[in-house]
Amino acid sequence: QVQLVESGGGLVQPGGSLRLSCSASGSTLDYNAITWFRQAPGKEREAVSYISSSDTYTDYADSVKGRFTISRDNTKNSVYLQMNSLKPEDTAVYYCAAGRLPDPYMWMGRLNYDYWGQGTQVTVSS
């Protein structure tokens, strides 16, 4: 079993920055990837960014490339999402998810993740 807890959300003005954290506990052998998803009101949950357990792979959705950076600290079992140049369309509940991907290119598929956090709200508004 893996437990995930997100933190760091809040209200920020357009152009501002936030850093989200995802703290993992439990069996780290149960997954090889952690991915950030987000879900805006009335929209489907979408993948935002991914990092492999080995740090070998990272990837980003086109909508956040160049603005968001994912990283991890294995000594703290934590994954971070640095979000810069935030836009109103980034407003959503952000979730971290852990799963065992058979192939890194499958990172965007929600069904590939067995463990989810409770989410943290990010609101970008003036």
A.B. asks: Looking at every heavy atom in both Ala92 and Ala40, which two are closest together, and how far apart are they?
C.D. replies: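 Taking Ala92 first and Ala40 second, the nearest heavy atoms are CB-N, 3.8 Å.
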
A.B. asks: Sequence neighbours left out, what passes salt bridge (charged side-chain N to carboxylate O under 4.0 Å, His left out) with Lys65? Give chain and number order.
C.D. replies: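 Residues passing salt bridge (charged side-chain N to carboxylate O under 4.0 Å, His left out) with Lys65: Asp62.
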
A.B. asks: Do the side chain of Glu6 and the main chain of Gln118 share a donor and acceptor less than 3.5 angstrom apart?
C.D. replies: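 Indeed, once roles are kept as given, a pair shorter than 3.5 Å links the two residues.
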
A.B. asks: Who passes side-chain contact (heavy atoms from CB on, under 4.5 Å) against Val122, sequence neighbours left out?
C.D. replies: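 Here the qualifying residues are Leu18, Leu20, Met83, Tyr94, Val124.
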
A.B. asks: So how far is it from Cys22 SG to Arg72 CZ, rounded to the nearest 0.5 Å?
C.D. replies: 9.0 Å

A.B. asks: Listing request: all side chain to side chain donor-acceptor pair (under 3.5 Å) pairs with a residue in residues 80-91, at least two apart in sequence or in separate chains.
C.D. replies: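 Found Ser17-Asn84, Arg38-Asp90, Arg67-Asp90, Gln82-Asn84.
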
A.B. asks: Return a table of donor-acceptor pairs under 3.5 angstrom between the side chains of residues 97-104 and protein atoms on other chains or two or more places apart.
C.D. replies:
unit_1, atom_1, unit_2, atom_2, d
Arg100, NH2, Leu29, O, 2.7
Asp103, OD1, Tyr105, N, 2.8

A.B. asks: I need the Asn32 CG to Ile51 CD1 distance, nearest 0.5 Å.
C.D. replies: 12.0 Å

A.B. asks: I'd like to check Leu81 versus Ser49 (side-chain heavy atoms, cut-off strictly below 4.5 Å). Are they in contact?
C.D. replies: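 A side-chain contact exists here, since the closest heavy-atom pair is under 4.5 Å.
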
A.B. asks: On a heavy-atom basis, which atom in Pro14 and which in Ser126 lie closest, and how many Å separate them?
C.D. replies: CD-N, 3.7 Å

A.B. asks: Tell me, which pairs form a ring-ring contact (aromatic ring centres under 6.0 Å, His included) where one or both residues lie in residues 12-39, sequence neighbours left out?
C.D. replies: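 Pairs touching residues 12-39 that pass the test: Phe37-Tyr113, Phe37-Trp116.
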
A.B. asks: Under the side-chain contact (heavy atoms from CB on, under 4.5 Å) test, which residues partner Ser125, sequence neighbours left out?
C.D. replies: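 Leu11, Thr123.
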
A.B. asks: Go through it in stages, so that I can follow the logic: the residues are Met108 and Tyr50, the test is side chain to side chain contact (heavy atoms under 4.5 Å, CB included), and I'd like the CA-CA distance, side-chain angles, deciding distance and then a yes or no.
C.D. replies: CA-CA 8 Å; Met108 286 189 154; Tyr50 146 77; over 6 Å; no

A.B. asks: Search all heavy atoms of Ala61 against all heavy atoms of Ala47 and return the closest pair with its distance.
C.D. replies: CB-O, 3.5 Å

A.B. asks: Between Tyr115 and Leu4, which heavy-atom pair has the shortest distance, and what is it?
C.D. replies: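 In terms of heavy atoms, the two residues are closest at O-CD1, 3.5 Å.
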
A.B. asks: What are the two closest non-hydrogen atoms of Ile34 and Ile70, and how far apart are they?
C.D. replies: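 Of all heavy-atom pairs spanning Ile34 and Ile70, the closest is O-CD1, 4.3 Å.
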
A.B. asks: Please check if the side chain of Asp59 supplies one atom and the backbone of Trp107 the other of a donor-acceptor pair under 3.5 Å.
C.D. replies: no

A.B. asks: Are Tyr60 and Leu86 connected in the hydrophobic side-chain network, where two residues link if heavy atoms are under 4.5 Å apart?
C.D. replies: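 As far as the 4.5 Å side-chain criterion goes, Leu86 and Tyr60 are connected within one cluster.
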
